[in-house]
Amino acid sequence: MTLTLYTNPMSRGRIARWMLEEVGAEYDTVVLDYASTMKTEPFLSINPMGKVPTIVHNGQTVTECAAICAYLADVFPDADLAPHPDERAAYYRWLFYAAGPLEAAISNRSLGVVPTDSQQRMIGYGSYDTAVDVLERAVAAHDHIAGNRFTAADVYVGSQVIWGLQFGSLPDRPAFADYADRLKARPGYVRAGALDDALIPVAA
C-alpha cells in the first residue's frame, strides 16, 4: 500500500494531515510551494487544479478536503471514523453543508460579496448570518457533528470552525468555542499540527 499526501503546511492540507493521523495511516509527504511546484508538472498531472491537499492512494487520486476525509474513513475502517447506520444522515448532511453552503458563505463574505434579498434565493447558503446560525445549532446539539461520537465529518467541519474562530471568519460564540476545544484536545489533531508546524520553515 502506498499513500502520498501533497500539501503545504500553510493550507487546507492541514485538514488532510489531521485525518491521516486520525486513521493511523502510513504515508509520505510531498511539500509543494504555492508559486512554483504547485502550479507546474509533475503535480498538475496529478491535480490539474494545482491545489492542495491531494492524496494518491494505491494509484488513485483524491482531491477536495471533504472527499479526502470521507475516503480515508472508508478505506481505513479499523479507525471507525465512517458513519454507523444511525449516523449517516447527520454525517453526510453536515459534511456536505460545510463543504458547500458554509464555505461559500464564508468565502463570499471574505471577498466582500453580500447578496441582495433576491440573490439570496439563488444561492445555496442564503445569507452568511443564516449559514452561521444553522452551523451553531448543529454543533450545539451534540458533542460531535453526527452525534456523540467523533467521525471523519468532525475533521472537516471542525477544521472550518477552528479556522473560522482563529481568523475571524466565524463569530466567537460559545458553541463554536466548546466544539473547537473538544477537537483540539484530540491526540491526532495535536500530532498533525506538530508535523505541519515543523514543515513551515521548509515551505516558506
Side-chain angles (χ1 to χ4, degrees), residues 1 3 5 7 9 11-27 29 52-55 57 62-103 105-106 131-167 169-199:
M1 179 187 299
L3 201 165
L5 167 66
T7 189
S11 76
R12 290 177 175 85
R14 296 179 82 100
I15 302 174
R17 169 90 67 190
W18 179 13
M19 186 63 195
L20 285 162
E21 291 299 315
E22 289 287 353
V23 299
E26 294 185 8
Y27 61 96
T29 300
V52 293
T54 296
I55 65 169
H57 180 226
V62 187
T63 65
E64 317 314 317
C65 290
I68 290 170
C69 289
Y71 175 83
L72 290 172
D74 287 343
V75 298
F76 292 96
D78 289 348
D80 197 24
L81 297 183
H84 296 170
D86 62 332
E87 298 167 334
R88 285 177 187 153
Y91 176 95
Y92 288 113
R93 177 186 182 184
W94 298 116
L95 182 65
F96 285 97
Y97 179 81
L102 181 65
E103 176 142 349
I106 290 173
V132 169
D133 290 346
V134 168
L135 177 66
E136 180 183 21
R137 290 194 295 271
V139 301
H142 306 282
D143 283 348
H144 295 94
I145 198 64
N148 294 316
R149 187 181 70 91
F150 180 84
T151 67
D154 288 295
V155 174
Y156 188 75
V157 178
S159 293
Q160 293 274 26
V161 172
I162 292 167
W163 289 359
L165 294 176
Q166 180 180 352
F167 295 109
S169 57
L170 285 176
D172 188 4
R173 298 180 182 176
F176 292 150
D178 290 347
Y179 179 55
D181 287 346
R182 283 193 293 275
L183 298 182
K184 288 190 290 185
R186 291 188 62 81
Y189 179 87
V190 174
R191 284 196 308 272
L195 289 168
D196 276 322
D197 288 346
L199 288 174

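Since the model is a prediction, treat every value here as computed from it, not as a measurement.
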Novice: Go through the steps to decide whether Leu81 and Leu72 satisfy the test side-chain contact (heavy atoms from CB on, under 4.5 Å), and finish with yes or no.
Specialist: CA-CA 9 Å; Leu81 297 183; Leu72 290 172; over 6 Å; no
Novice: Report the relative orientation of the aromatic rings in Tyr71 and His57; use parallel for angles under 30°, tilted for 30 to 60°, perpendicular for over 60°.
Specialist: perpendicular
Novice: Applying side chain to side chain contact (heavy atoms under 4.5 Å, CB included), can you list everything that pairs with Phe96, at least two apart in sequence or on another chain?
Specialist: Tyr92
Novice: Partners of Thr63 by side chain to side chain contact (heavy atoms under 4.5 Å, CB included), sequence neighbours excluded?
Specialist: Asn47, Thr54, Thr61
Novice: Do Leu102 and Val134 come close enough that some side-chain heavy atom pair is under 4.5 Å?
Specialist: no
Novice: Could you tell me which residues satisfy side chain to side chain contact (heavy atoms under 4.5 Å, CB included) with Ala194, sequence neighbours excluded, listed by chain and number?
Specialist: none
Novice: Listed by chain and number, what are the side chain to side chain contact (heavy atoms under 4.5 Å, CB included) partners of Asp172, not counting sequence neighbours?
Specialist: Leu165, Ala177
Novice: Can you sort out the partners of Glu136 under salt bridge (Lys or Arg N to Asp or Glu O under 4.0 Å), two or more places apart, ordered by chain and number?
Specialist: Arg173
Novice: Quick one: list whatever passes side-chain hydrogen bond (donor to acceptor under 3.5 Å, both in side chains) with Arg191, sequence neighbours left out.
Specialist: Glu21
Novice: With Arg149, which residues qualify under salt bridge (Lys or Arg N to Asp or Glu O under 4.0 Å), at least two apart?
Specialist: Asp80, Glu87
Novice: Using side-chain hydrogen bond (donor to acceptor under 3.5 Å, both in side chains) as the criterion, list what pairs up with Ser169, not counting sequence neighbours.
Specialist: none
Novice: Determine whether a donor-acceptor pair (N or O, by modelled atom type, separation under 3.5 Å) exists between the side chain of Arg182 and the backbone of Asp143.
Specialist: yes
Novice: I need the minimum non-hydrogen distance between Ala175 and Val139, along with the two atoms involved.
Specialist: O-CG2, 3.9 Å
Novice: CG/Asp154 to CG/Leu183 distance, rounded to the nearest 0.5 angstrom?
Specialist: 5.5 Å
Novice: Between atom NE2 of His84 and atom OH of Tyr91, what is the distance when rounded to the nearest 0.5 Å?
Specialist: 11.0 Å
Novice: Salt bridge (Lys or Arg N to Asp or Glu O under 4.0 Å) with Asp197: which residues, sequence neighbours excluded?
Specialist: Arg14
Novice: Might you work through the side-chain contact (heavy atoms from CB on, under 4.5 Å) test for Leu135 and Leu170, ending with a clear yes or no?
Specialist: CA-CA 10 Å; Leu135 177 66; Leu170 285 176; 4.2 Å; yes
Novice: Below 4.5 Å, heavy atoms only, C-beta onward: do Phe76 and Leu3 meet side chain to side chain?
Specialist: yes
Novice: So, taking the atom named SG in Cys69 and the one named CD in Glu22, what distance separates them when rounded to the nearest 0.5 Å?
Specialist: 10.0 Å
Novice: Between Ile162 and Ala180, which heavy-atom pair has the shortest distance, and what is it?
Specialist: CG1-CB, 3.8 Å
Novice: Using a 4.5 Å cut-off on heavy atoms from C-beta on, say whether the side chain of Arg17 contacts that of Leu5.
Specialist: yes
Novice: List for me each residue that meets ring pair (Phe, Tyr, Trp, His ring centres under 6.0 Å) alongside Tyr97, sequence neighbours excluded, and say none if there are none.
Specialist: Trp94
Novice: Tell me which pairs pass ring pair (Phe, Tyr, Trp, His ring centres under 6.0 Å) where either residue lies in residues 170-195, with sequence neighbours left out.
Specialist: Trp18-Tyr189
Novice: Looking only at side-chain N and O atoms, does Ser159 offer a donor or acceptor that is under 3.5 Å from a partner on Arg12?
Specialist: no
Novice: Could you check whether atom CD of Glu103 has more than 12 heavy atoms from other residues, nucleotides or ligands sitting under 6.0 Å from it?
Specialist: yes
Novice: Mind checking the OG1-CD1 spacing from Thr7 to Ile15? Nearest 0.5 Å is all I need.
Specialist: 10.0 Å
